[in-house]
2 protein chains.
Amino acid sequence: MSLAPVEEEQFAGGNLVSTAIGAITQHIRTNELGPGDRLPSEATLSKELSVSRSVVREAFRSLATMRLIDLNVGKRATVAQLDHGAMSLMIEHGVHTAQININQVYDVRRTIEMRTSTLAALRRTDAEARIILDHARAMETNFADADKVMESDLAFHLEIARASKNPIFSIIVGAFQGVSRQTWPIGWRSRASDAERHAMNRIHIDLAEAILAGDPQAASQLMARHFDESAKALLAAGIA
Amino acid sequence: MSLAPVEEEQFAGGNLVSTAIGAITQHIRTNELGPGDRLPSEATLSKELSVSRSVVREAFRSLATMRLIDLNVGKRATVAQLDHGAMSLMIEHGVHTAQININQVYDVRRTIEMRTSTLAALRRTDAEARIILDHARAMETNFADADKVMESDLAFHLEIARASKNPIFSIIVGAFQGVSRQTWPIGWRSRASDAERHAMNRIHIDLAEAILAGDPQAASQLMARHFDESAKALLAAGIA
DNA sequence: TTGATAAAACCTGTCGGACAGGTTGAATTG
DNA sequence: CAATTCAACCTGTCCGACAGGTTTTATCAA
């Protein structure tokens with residue numbers, strides 16, 4: 001329950017905040033805290049670590065930004081549920097600072113999502129299969145409204161990741177949503193005709209049906225085809 | 001160059017720190033800053049955003065913890081290079097709070113690394129191929145010292161990711177290193193005999209040679225076999 | 001003019017204190 | 001015993017201060 005003084009922490013990163021972060025994560029582990037469990041107050045940690053409240057605050061805030069903990073006014077900090085927020089920021093930062101390009105994002109997504117569609121076909125509940133199919137159909141229903149099509153598309157991919165029952169996949173797929181929102185309209189516009197756009201929606205529906213039918217092979221193949229086609233569309237738009 | 005006052009920021013997350021974080025990332029984007037470029041000082045941002053220095057500090061610290069920026073005493077903050085630090089913390093947090101289990105980690109790694117080995121076989125430089133092979137051989141050379149074997153193993157996988165020339169893969173593979181360090185000894189011990197351990201090393205060498213030979217198919221197959229075998233070893237140890 | 005040196009200005013890390021609200025739990029009261 | 005009230009906590013934000021480390025400027029000598 002008690003935390004070791006700063007001097008004994010192995011998490012040293014030169015500054016006190018790093019050690020505080022180490023102490024807090026250590027606290028979570030040694031006490032086997034889970035999502036929702038409450039952490040010590042800033043004042044308590046401040047005393048136990050012999051550092052100022054500012055240091056503890058910066059540590060807390062850092063962990064909150066990474067979504068490891070939740071902060072609320074008046075309430076104590078709590079252990080947070082996994083969330084793609086931190087990874088989203090990271091990916092977007094990489095793209096905006098020219099350290100990552102769109103093709104690389106597509107390659108990762110293709111790799112990951114071929115797997116999520118396989119797993120979804122094997123593990124999805126009936127309810128999940130229905131939701132996935134609904135999203136696919138919504139894309140066709142709202143064909144005229146590109147924004148709605150995009151949101152359904154994103155929801156479709158995320159729901160497949162959820163149905164894979166592996167939270168890491170959900171996080172990764174979720175992390176790319178921000179970037180995808182920026183490139184999606186380009187791909188949509190760059191398709192030569194409405195026929196091609198309908199064809200894309202068709203693949204989504206076929207994929208949803210493969211998952212509903214519990215056919216992992218077909219699901220995976222369709223996902224691959226979807227990405228290959230999208231990459232081609234993006235290439236046509238000059239994103240290479 | 002100038003930052004909008006807090007009131008106009010769309011990044012609102014209820015607290016001022018979130019808006020400051022938004023303003024800073026926005027600044028990086030609109031000014032197209034890249035790794036190494038300097039950011040405004042805390043005092044400057046404090047004035048421009050009309051918030052206290054504490055708020056700016058928490059924002060900076062948060063971004064530094066996520067490795068989006070680098071902080072140094074006396075120096076101004078700079079844009080950072082991509083790094084798996086943040087994702088590592090996230091994954092470890094997920095594992096320690098029972099939101100992620102080891103099988104899920106293995107599934108993601110298998111999925112990702114089948115791809116990195118494919119790409120490495122296609123894109124590796126000769127120097128990279130040699131380094132990968134060296135790591136594989138080091139595992140056999142240091143057979144008696146499990147710790148050294150492990151470090152070579154980890155370096156082997158990370159180098160393959162690097163050779164894939166997609167930084168996102170490097171980040172993801174790197175992010176799992178912390179967790180792997182904890183499970184690796186279990187897998188090593190759980191193998192029935194030294195013969196099995198040598199067999200595992202053999203796969204690594206074969207894989208390195210497939211990458212050197214530029215055979216993506218073989219590389220990918222060997223990586224898959226490696227993970228299937230490791231999963232079996234872990235299963236034998238009761239990690240399921 | 002130029003190049004080295006010293007000083008000033010700037011910057012971050014940490015501390016302490018202060019106050020406005022929001023939250024929680026305990027004492028009080030009906 | 002239940003509802004209410006109040007005191008104790010707690011977080012969000014601000015301000016001021018000071019110890020070092022860093023960068024720029026100014027000075028001075030060659």
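The structure presented is a predicted model; accordingly, all values stated were derived computationally and were not measured. Below, chains carry the letters A, B, ... as their sequence lines are ordered, and counting in each starts from 1.
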I need a per-nucleotide contact map over nucleotides 12-25 of chain C, read 5' to 3'. Cutoff is protein heavy atoms under 4.0 Å; write B for the base, S for backbone only, - otherwise.
BBBB--B---BSS-
Show the numbers, then the answer: is there a side chain to side chain donor-acceptor pair (under 3.5 Å) between A:Thr125 and A:Arg130?
CA-CA 9 Å; A:Thr125 65; A:Arg130 213 169 313 120; over 6 Å; no
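B:Thr44 and B:Ser41 share a side-chain donor-acceptor pair at under 3.5 Å. Side-chain contact annotation: A:Glu113 with A:His157, donor-acceptor N/O pair under 3.5 Å present. Side-chain polar atoms of A:Ser152 and A:Arg137 form no donor-acceptor pair below 3.5 angstrom. For the residue pair B:Ser164 / B:Thr116, no side-chain donor-acceptor distance below 3.5 Å is found, with atom types taken as modelled.
Atom CG in B:Leu45 sits roughly 11 Å away from atom P in C:dC11 (whole-Å rounding). Atom CG of A:Asp70 is separated from atom P of D:dC10 by 18 Å (rounded to the nearest Å).
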